[in-house]
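Everything quoted here is computed from the prediction, not taken from an experiment. Every chain is numbered from 1, with letters handed out A, B, ... down the list of sequences.
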Number of protein chains: 2
Amino acid sequence: MIQKSSTINDVARLAGVSKRTVSRVINGSLSVGDSTRVRVEKIIAELNYSPNTQARGLASSRSYLLGLIYDNPDALYLDDVQRGVLEICSTLGYELVVHPCRYRSETLVQDCLNFINRSKLDGVIVLPPVSELESLALALKNAGRPYVRLTSVSIDEPQHIVVSDDRAAAAEMARYFAQLGHQDIAFISGPQRYKSSTERMEGFKLGLSAYGITLQTERIIEGNNTYETGIECARNLLSQTPLPTAIFANNDQMAAGVLKVAHQMGIAIPDQLSVAGFDDNLLASRVIPALTTIRRPVRQMAQLATTKMIMVIEQNDKSAQQVAAKVAPTLVVRESTAQAAVAVSS
Amino acid sequence: MIQKSSTINDVARLAGVSKRTVSRVINGSLSVGDSTRVRVEKIIAELNYSPNTQARGLASSRSYLLGLIYDNPDALYLDDVQRGVLEICSTLGYELVVHPCRYRSETLVQDCLNFINRSKLDGVIVLPPVSELESLALALKNAGRPYVRLTSVSIDEPQHIVVSDDRAAAAEMARYFAQLGHQDIAFISGPQRYKSSTERMEGFKLGLSAYGITLQTERIIEGNNTYETGIECARNLLSQTPLPTAIFANNDQMAAGVLKVAHQMGIAIPDQLSVAGFDDNLLASRVIPALTTIRRPVRQMAQLATTKMIMVIEQNDKSAQQVAAKVAPTLVVRESTAQAAVAVSS
DNA sequence: TTGTAAGCGTTATCAG
DNA sequence: CTGATAACGCTTACAA
């Protein structure tokens, strides 16, 4: 049942040209006569011919394979990323090979390098938090492999990065909180080893300070971006007197933890306490009350990253540098936030 | 900076043998002298040599690439599947290429075929609901491509399938409901075009009937597996008089919708109403109250599927048929279910 | 604008 | 058990 598919030789023979010419047509070379091109293309269509990627790769030392390196237990956006990448690359003849890994693994860099070399990948896209590892970026650079990192800070050259401006987004959340009249605000941060965490915290503080509001030390607690640590941090925060009037969590998972604890303690949200998260993951809109949060244009980021990568792969560094490198997350207001409950003045 | 990696020729030269012999060693051929083998392996290690997959593929018409075809799984599920597949296949030298697609696309079958042919994939794993499409399975069979489908019914030969026994799981949920004393039970089904939906519904009915309980017609409503349709169905169900004492939804998303509506209507869960879902996705444990649900061993299914596939690829159909093909989901009891509120007798 | 010849790094064939 | 030698299907020189 497996029928051998036609090769470049078949096309050449039927079109009455040399395989070299067929090759030119396939690769869009300009130096092919119009009539010749048309004839060849007709045969290609008739035969439903498509070039053998392996042979092509072997001859040209390219694989037409892109890699995706990630480690994200909360990879709710994994599907989004994969679709975004493929929307761009599949029309250009590339496929996507995935490589889930462990951020904390000691052999991470070597693992990734092996992954790349085994499959002779033409380039890789790296998702946070792995994308923040300088050791990996350096190794990739030294290996001469095109790569693009998705992060929340510009920690690399423009052709190597697509950043989501988490800082600005967090500042916007601060503004939103301030305008609702909140003054006594708490923050559950993510692990400080992640740039995304520090960016969000800084942005939030900055945004607040524009309104003369300061985060008190005891109102900042570091979580681990998990639901469970969200619960722990919320227990701490909600046992303080007086209660803060609002809590901003570094991500939706932890914000959901806050909701849980508030519910257990009989604290009404948003009447007594406003809560917001970050990511707009599956959870955010399903939880009760639905979470006010920040949405990152994940798909778009993936598309930009892929566009950049392919430009670099195809030797267009300059164009790659000109593709937009920064993307703006947006505030999504739902049910978990409201006017500050208690007037501060007395 | 890119250093050309060593080839089989380098190994052959340094080991003082022909490349054919090196090839034999690489492929674990038995007909190689022990001393020769040791010598070659030593050189391979020294050079950190690894064979070029493309050349290998070209010569042997294999790609060492596995494909994953899916449409719209719950996010966490996707990561689980990908890791499960790779845990098995990466140690055997295979990589995973992903292909998100659209179940409803008219060109789905052709898309998948093109995907496979372009990259000369050695085999594909297909996730539900795409895995339920007979047209695709048939095309794969005709194309002579090894494939394995993840489904909830045995709709194919053992070497081509890994099934999660959703029917039995739903029956277990029924038993659990019955034992809690529920008699007036409602069911929000998934789209009846999906086997997973019909299996779950049948299983639930069957389980119930063992306790002499019947689902009333007006207590069965079909949703679309989305949160939004969950809400619609819940509105319908919860406007009926009397209220059912329990609702089982075809998945967690819809169960979350029920929670939402119940909350809006002031119906206490689980005191007045028990609610359960299916999947144990991220949502289930985070929602308030946490959902009683069914967990499928997704990772294990992916591993089994991969094991089968590689056996088929490597011509071991018999072994492939002997790998376990059925997997049992388990009941996870959380906070959303309780004893039936009202005694039926009067 | 087109064609010829020589690989790319493996495995398969067929000897020895 | 081992080794020449020819594929595999394509691209890259280099000519014409």
Side-chain angles (χ1 to χ4, degrees), chain A residues 2-41 43-44 47-65 93 117-120 122 313-315, chain B residues 2-41 43-44 47-65 93 117-120 122 313-315:
Chain A
I2 299 188
Q3 55 172 320
K4 265 178 66 78
S5 44
S6 39
T7 75
I8 199 174
N9 291 308
D10 301 326
V11 178
R13 185 165 31 77
L14 265 51
V17 297
S18 77
K19 69 205 284 198
R20 182 67 189 91
T21 298
V22 178
S23 172
R24 287 197 178 92
V25 171
I26 295 170
N27 293 289
S29 163
L30 298 170
S31 44
V32 179
D34 280 344
S35 64
T36 318
R37 153 167 295 119
V38 170
R39 189 151 31 98
V40 171
E41 282 172 343
I43 302 291
I44 288 181
L47 257 44
N48 190 23
Y49 163 77
S50 74
N52 179 318
T53 328
Q54 308 189 46
R56 204 133 91 117
L58 187 56
S60 60
S61 54
R62 293 195 28 202
S63 64
Y64 294 90
L65 255 29
N117 288 331
R118 268 200 314 271
S119 304
K120 302 273 180 292
D122 289 341
I313 290 171
E314 298 180 348
Q315 319 284 13
Chain B
I2 299 187
Q3 56 171 319
K4 266 176 66 78
S5 43
S6 39
T7 75
I8 198 173
N9 291 307
D10 301 327
V11 178
R13 186 164 31 76
L14 265 53
V17 297
S18 78
K19 70 206 284 199
R20 186 67 189 90
T21 299
V22 177
S23 173
R24 287 198 179 90
V25 172
I26 295 170
N27 293 288
S29 162
L30 298 170
S31 44
V32 178
D34 280 344
S35 65
T36 318
R37 153 167 297 119
V38 170
R39 188 151 32 98
V40 171
E41 282 171 343
I43 302 291
I44 288 181
L47 258 42
N48 190 24
Y49 162 79
S50 75
N52 178 317
T53 328
Q54 306 189 44
R56 205 133 91 119
L58 186 56
S60 61
S61 56
R62 294 201 19 207
S63 63
Y64 294 89
L65 255 29
N117 288 331
R118 267 199 314 270
S119 303
K120 302 275 180 291
D122 288 342
I313 291 171
E314 298 181 348
Q315 319 284 13

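The side chain of A:S23 contributes no N or O atom lying less than 4.0 Å from OP1 or OP2 of D:dC10. An OP1 or OP2 oxygen of D:dT2 is reached within less than 4.0 angstrom by no side-chain nitrogen or oxygen of B:T21.
Comparing C:dG9, C:dT2, C:dA12 by their nearest atom to the side chain of B:A55 picks out C:dG9. The side chain of B:A59 sits closest to C:dG9 out of D:dC10, C:dG9, C:dT2. Across C:dT11, C:dG9, C:dG3, the shortest atom-to-atom separation from the side chain of A:R20 is found for C:dG3. The side chain of B:T7 approaches C:dT10 more closely than any other nucleotide in the set C:dG3, C:dT2, C:dT10. Minimum atom distance to the side chain of B:S60 is reached by C:dA12, of the listed C:dT10, D:dC10, C:dA12. Ranking C:dG3, C:dT10, D:dG9 by closeness to the A:N52 side chain, first place goes to D:dG9. Listed nucleotides: C:dT1, D:dT12, D:dT2. Nearest to the side chain of B:R24: D:dT2.
Rounding to the nearest 0.5 angstrom, the gap separating the OG atom in A:S5 from the CG atom in A:N48 is 9.0 Å. The distance from atom CG of A:N9 to atom NZ of A:K19, rounded to the nearest 0.5 Å, is 4.5 Å.
Between the CZ atom of B:R62 and the P atom of D:dA7 there is a distance of 23 Å, rounded to whole Å. Residue A:K120 contributes atom NZ, which lies 14 Å from atom P of C:dC8 at whole-angstrom precision. Taking atom CD of B:E314 as the reference point, atom C1' of C:dT11 lies 15 Å away to the nearest angstrom. Atom pair B:L58:CG and C:dG9:P shows a separation of 12 Å (rounding to whole Å applied). A:N27 has its CG atom 15 Å from the P atom of C:dT2, to the nearest Å. Distance A:Q54 CD to D:dA7 C1': 15 Å, rounded to the nearest Å. Rounded to an integer number of Å, the gap from A:R56 CZ to D:dT11 C1' is 10 Å. Straight-line distance from the CG atom of A:N9 to the P atom of C:dT4: 12 Å, rounded to whole Å.
Of the two residues near DNA chain C, A:V32 and A:K19, the one whose nearest nucleotide lies more 5' is A:V32.
Proximity of a side-chain donor or acceptor of A:T53 to a complementary backbone N or O of B:K120 within less than 3.5 Å is not detected.
Taking each heavy atom of B:V40 and B:A15 in turn, the nearest pair found is CG2-CB, 4.1 Å.
Backbone-only contact: A:Y49 has heavy atoms under 4.0 Å from sugar-phosphate atoms and none from a base. Residue-level contact check: B:T36 touches the backbone only, with heavy atoms under 4.0 Å from sugar-phosphate atoms and none from bases.
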Can you check side chain to side chain contact (heavy atoms under 4.5 Å, CB included) on B:I26 and B:Y49, steps first, answer last?
CA-CA 10 Å; B:I26 295 170; B:Y49 162 79; 3.6 Å; yes
